[in-house]
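Reckoned from all heavy atoms, side chains included, excluding hydrogens, waters and symmetry mates. Residue numbers run from 1 in the order of the sequence given.
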Amino acid sequence: MKHEAPEDIAGSRCDHDGQNTVVCSWNQGNLHKVWAFNNRTASLLWQLPDETANRIAPRVTAVWNGRVYGKTDNGPLTLDSRTGADLPTRPGVAPFLVNGYTGLALSSEDDLTAYPAAG
């Protein structure tokens with residue numbers, strides 16, 4: 001396992017998931033990159049895009065409670081912050097702010113909606 005930050009991580013935004021992982025994301029136009037690190041050892045857990053697994057990187061909107069929320073051209077998604085594996089996305093939104101009670105998301109018409117948080 002790699003124990004140093006990738007060279008292209010400069011300028012990224014990093015958020016703690018509230019558990020054991022720090023997730024960093026970088027966005028420039030239609031280019032997106034995501035890295036996840038163990039917050040105790042600083043070792044790299046996973047990164048996207050991953051060409052060998054044919055996976056793209058989402059535009060990360062929020063990180064909370066072991067989950068990474070994001071969007072792609074195919075819609076919203078949720079990833080496990082520890083493994084990078086896809087999780088079910090309910091109710092099909094990518095909140096930009098999440099806590100133990102509520103997730104806030106914007107519709108395509110910029111309407112603010114609050115969803116009950118779960119998990």
Side-chain angles (χ1 to χ4, degrees):
M1 184 150 315
K2 199 171 183 178
H3 292 279
E4 59 187 49
E7 290 180 18
D8 53 355
I9 198 169
S12 64
R13 173 187 168 171
C14 298
D15 295 294
H16 188 265
D17 73 345
Q19 295 183 351
N20 298 311
T21 308
V22 173
V23 177
C24 298
S25 60
W26 177 88
N27 302 296
Q28 186 172 33
N30 288 328
L31 300 175
H32 310 290
K33 295 182 181 184
V34 182
W35 303 269
F37 299 91
N38 179 303
N39 74 309
R40 292 188 181 110
T41 65
S43 59
L44 180 66
L45 299 172
W46 56 268
Q47 68 183 51
L48 292 174
D50 182 350
E51 291 180 17
T52 59
N54 197 28
R55 296 188 69 205
I56 62 172
R59 185 175 61 256
V60 174
T61 58
V63 177
W64 178 78
N65 199 24
R67 294 186 177 168
V68 179
Y69 299 90
K71 294 179 180 181
T72 68
D73 290 343
N74 297 321
L77 59 80
T78 308
L79 304 174
D80 181 290
S81 63
R82 196 87 181 132
T83 66
D86 291 324
L87 295 172
T89 304
R90 294 183 191 109
V93 297
F96 65 87
L97 185 61
V98 184
N99 67 20
Y101 306 101
T102 306
L104 297 178
L106 289 173
S107 71
S108 57
E109 295 82 29
D110 285 337
D111 293 324
L112 179 63
T113 305
Y115 294 90

According to the salt bridge (Lys or Arg N to Asp or Glu O under 4.0 Å) rule, which pairs have a member within residues 11-37, sequence neighbours left out?
-> D8-K33, R13-D15
Taking all heavy atoms of V60 and all of V34, pick out the closest pair and write down the distance.
-> CG2-CG2, 3.7 Å
Could you state whether L97 and L112 fall into the same hydrophobic cluster, counting links through intermediate Ile, Leu, Val, Met, Phe, Trp or Tyr residues with side-chain heavy atoms under 4.5 angstrom apart?
-> yes
Is there a donor-acceptor contact under 3.5 Å from the side chain of S81 to the main chain of G66?
-> yes
Passes side chain to side chain contact (heavy atoms under 4.5 Å, CB included), V98 versus Y69? Steps please.
-> CA-CA 10 Å; V98 184; Y69 299 90; 4.1 Å; yes
ILVMFWY cluster, V93 and L106 together (side-chain gap under 4.5 Å) = no
Check: T78 side chain, L87 main-chain N or O, donor-acceptor pair, under 3.5 Å | no
Any salt bridge (Lys or Arg N to Asp or Glu O under 4.0 Å) involving residues 72-89? Give me the pairs, sequence neighbours left out, ordered by first then second residue.
-> R55-D86
Do P95 and L104 have side-chain heavy atoms sitting under 4.5 Å apart?
-> no
Side chain to side chain contact (heavy atoms under 4.5 Å, CB included) between L48 and L79, intermediate numbers included | CA-CA 11 Å; L48 292 174; L79 304 174; 3.9 Å; yes
Nearest heavy-atom pair of H32 and N30: which atoms, and what distance?
-> CD2-O, 3.6 Å
Applied to residues 20-51, the disulfide (SG to SG under 2.5 Å) test, sequence neighbours excluded, yields C14-C24
